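Since this is a predicted model, take the numbers as computed values, not measurements. The first residue of the sequence shown is numbered 1, and numbering continues consecutively from there.
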Amino acid sequence: MAVLKVKFTRNKRDKLAQVLWVLNWVSVVTGIILFSLGLFLKVEINKQREVMSDRDIHSVPNMLIAVGLIACGINFLGGKICYDCVDTTKFLRWKLLMLPYIICTFFFTFCILVGALMCYTMRNELEESLNLGLRDAMRYYKDTDMPGRCFLKRTLDMLQIQFQCCGNGGFKDWFHIQWISNRYLDMSSKEVVDRLRSNVEGKYLMDGVPFSCCNVYSPRPCIQQQITNNSAHFNYDYQTEELNLWRKGCRESLLEYYTQIMQSIGLTVLIIWLFEISVLTGVRYLQTAMENVLRQGDPDCECDGWLLENGLVETARSNFNIIKNLGKCNQIDTANNGDPNIDVPSTAHYGPDNVPPKEIPLAN
């Protein structure tokens, strides 16, 4: 029994073909949208590539770009097919191609769904990439005179100002790394020398943060040195004072920023997937209806269209049997001890040394 069978008159078939022609051109536009979304996400990720580790976080934008380009090609071809389906004679040139086209389009729409889901599952990979990248960038913050790292100080300062954040997970992360280069330390100062000697690795650690961590909205002048020393500042309590530093870590801020982008893109891609599924459903109805017209031989007749010619169970069983018997068509029957020539009689009687005798021509 056919699944979701619908009756189609000549007029309904023509209208369906025309509507699908328009929808396929709309799908070309959605392909351009997918390409643009993937390109936009790739550009946004590349903006912060200096504070991200070399993890595979470009899989989502790359997939959206590829799917968008393929969507333009597939839907352009679908528009041409649907346009020719108005005429039965023109449909003949596409008859053998339509079923493979529908199958390929089905798997393509599945890729769109995968892309939409990947937008929602990318968060963990992105968080790990940001965690490692920010950790290394903060470690090299002081290396302003080293080629390949001299740009990291400016990158981190601009990042903390733009996203109103401080450190990787918070401002205290700066307490555990040396972020001031030795060239700017007064080695003649006893305090500096004692601080360097007190550290096992010889690093100059202090309870201070870079200027970019300062909250510009705070009415109090920024306290970025000796943050935990209450006696170093007037009317100041480190434990209870609302610090005039950005409280949020840059990993969290960037993660929230990219999560909002990916959720918006994921929702858009999901809507495009639903639209592509509806177009594919219409193309399937048109294909089965036109094939039934050819079977009946009357272009003006009323015919049926369906999604599946048989039920779901029968279709699954049929496809399973096709796959199961796919490699058996060229097999040789070797039931008799595995020798395919065991029953083939030999009519040749060779002479010595297994050389066939010459034939003697008969006299006329």
Side-chain angles (χ1 to χ4, degrees), residues 21-80 101 104-134 136-137 148 151-152 154-156 158-165 250-280 283:
W21 176 75
V22 174
L23 292 181
N24 272 281
W25 279 108
V26 175
S27 296
V28 173
V29 177
T30 61
I32 298 175
I33 294 175
L34 287 174
F35 174 81
S36 303
L37 290 175
L39 192 62
F40 169 75
L41 182 58
K42 193 176 187 68
V43 170
E44 288 298 315
I45 291 176
N46 284 333
K47 285 182 180 179
Q48 307 298 338
R49 63 182 181 276
E50 291 88 358
V51 295
M52 293 183 181
S53 65
D54 296 331
R55 296 178 67 88
D56 188 18
I57 58 176
H58 290 276
S59 57
V60 175
N62 289 340
M63 184 173 185
L64 292 177
I65 290 173
V67 167
L69 291 175
I70 296 173
C72 294
I74 286 182
N75 291 301
F76 178 82
L77 177 61
K80 175 61 176 174
Y101 167 80
C104 292
T105 306
F106 174 78
F107 285 107
F108 163 73
T109 53
F110 178 75
C111 292
I112 297 179
L113 177 61
V114 172
L117 296 178
M118 288 177 65
C119 290
Y120 293 98
T121 59
M122 185 183 171
R123 180 184 174 90
N124 293 334
E125 295 180 2
L126 185 61
E127 183 176 10
E128 184 65 20
S129 177
L130 287 171
N131 183 40
L132 298 177
L134 284 168
D136 294 337
F151 60 89
L152 284 175
R154 179 181 181 277
T155 299
L156 275 175
M158 294 300 296
L159 175 68
Q160 292 185 145
I161 294 173
Q162 178 183 358
F163 286 90
Q164 300 181 358
C165 58
C250 290
R251 183 179 71 246
E252 183 181 355
S253 296
L254 285 172
L255 196 60
E256 290 179 356
Y257 173 73
Y258 284 116
T259 299
Q260 291 178 357
I261 292 177
M262 289 185 297
Q263 287 179 349
S264 300
I265 292 177
L267 179 60
T268 304
V269 176
L270 192 61
I271 294 173
I272 292 176
W273 172 73
L274 293 174
F275 177 76
E276 292 287 346
I277 284 291
S278 63
V279 175
L280 179 61
V283 173

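- Not a single donor-acceptor pair under 3.5 Å links the side chain of Ser129 to the backbone N or O of Leu126.
- Between the Tyr258 side chain and the Met122 main chain, no donor and acceptor come within less than 3.5 Å of each other.
- The shortest distance between side-chain heavy atoms of Met118 and Val114 falls below 4.5 Å.
- Tyr257 places none of its side-chain heavy atoms less than 4.5 Å from the side chain of Gln48.
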Side chain to side chain contact (heavy atoms under 4.5 Å, CB included) evaluation trace for Val283 with Thr105: CA-CA 10 Å; Val283 173; Thr105 306; over 6 Å; no
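- The residue from Leu34, Ile65, Leu64 that alone fulfils the side chain to side chain contact (heavy atoms under 4.5 Å, CB included) condition with Leu39 is Ile65.
- The two residues Gly38 and Pro61 have their closest heavy-atom pair at O-CB, 3.3 Å.
- A distance-only check finds no donor-acceptor pair linking the side chain of Tyr120 to the backbone of Met262 [under 3.5 Å].
- In this structure, CG in Leu159 is found 5.0 Å from CG in Leu254, a value given to the nearest 0.5 Å.
- Taking the side chain as every heavy atom from C-beta outward, Cys111 and Met63 approach each other to under 4.5 Å.
- Ile265 CD1 to Ile33 CD1: the interatomic distance, rounded to the nearest 0.5 Å, is 12.5 Å.
- Of all heavy-atom pairs between Phe275 and Ser27, the closest is CE2-OG, 3.1 Å.
- Taking CE of Met52 as the reference point, atom CG of Leu134 lies at 8.5 Å (rounded to 0.5 Å).
- Partner Asn24 forms a side chain to side chain contact (heavy atoms under 4.5 Å, CB included) with one of Val279, Ile74, Leu77 and no other, that one being Val279.
- Of all non-hydrogen atoms in Arg123 and Thr259, the two that sit nearest each other are NH1-OG1, 2.9 Å.
- The backbone N or O of Trp273 sits nowhere less than 3.5 Å from a side-chain atom of Thr109 that would complete a donor-acceptor pair.
- Looking at heavy atoms from C-beta onward, Asn75 lies in side-chain contact with Glu276 at the 4.5 angstrom threshold.
- One distance of note links CG of Asn131 with CZ of Arg251; it measures 4.5 Å at 0.5 Å rounding.
- Taking NZ from Lys42 and CD1 from Ile57, the interatomic distance works out to 9.5 Å, rounded to the nearest 0.5 Å.
- Across Gly31 and Cys72, no two heavy atoms sit closer than the pair C-SG, 3.9 Å.
- Proximity of Leu270 to Leu113: side-chain heavy atoms (C-beta onward) are separated by under 4.5 Å at one or more points.
- Across all non-hydrogen atoms, the minimal contact from Ser253 to Cys165 is OG-CB, 3.5 Å.
- Crowding of Phe110 atom CZ: a count of heavy atoms from other residues, nucleotides or ligands under 6.0 Å not exceeding 12.
- Contact annotation: the side chain of Asn46 approaches that of His58 to within less than 4.5 Å [non-hydrogen atoms, C-beta and beyond].
- The backbone N or O of Ser264 sits less than 3.5 Å from a side-chain atom of Thr268, completing a donor-acceptor pair.
- To the nearest 0.5 angstrom, Glu44 atom CD is 4.0 Å from Lys47 atom NZ.
- Looking at heavy atoms from C-beta onward, Leu280 lies out of side-chain contact with Phe108 at the 4.5 angstrom threshold.
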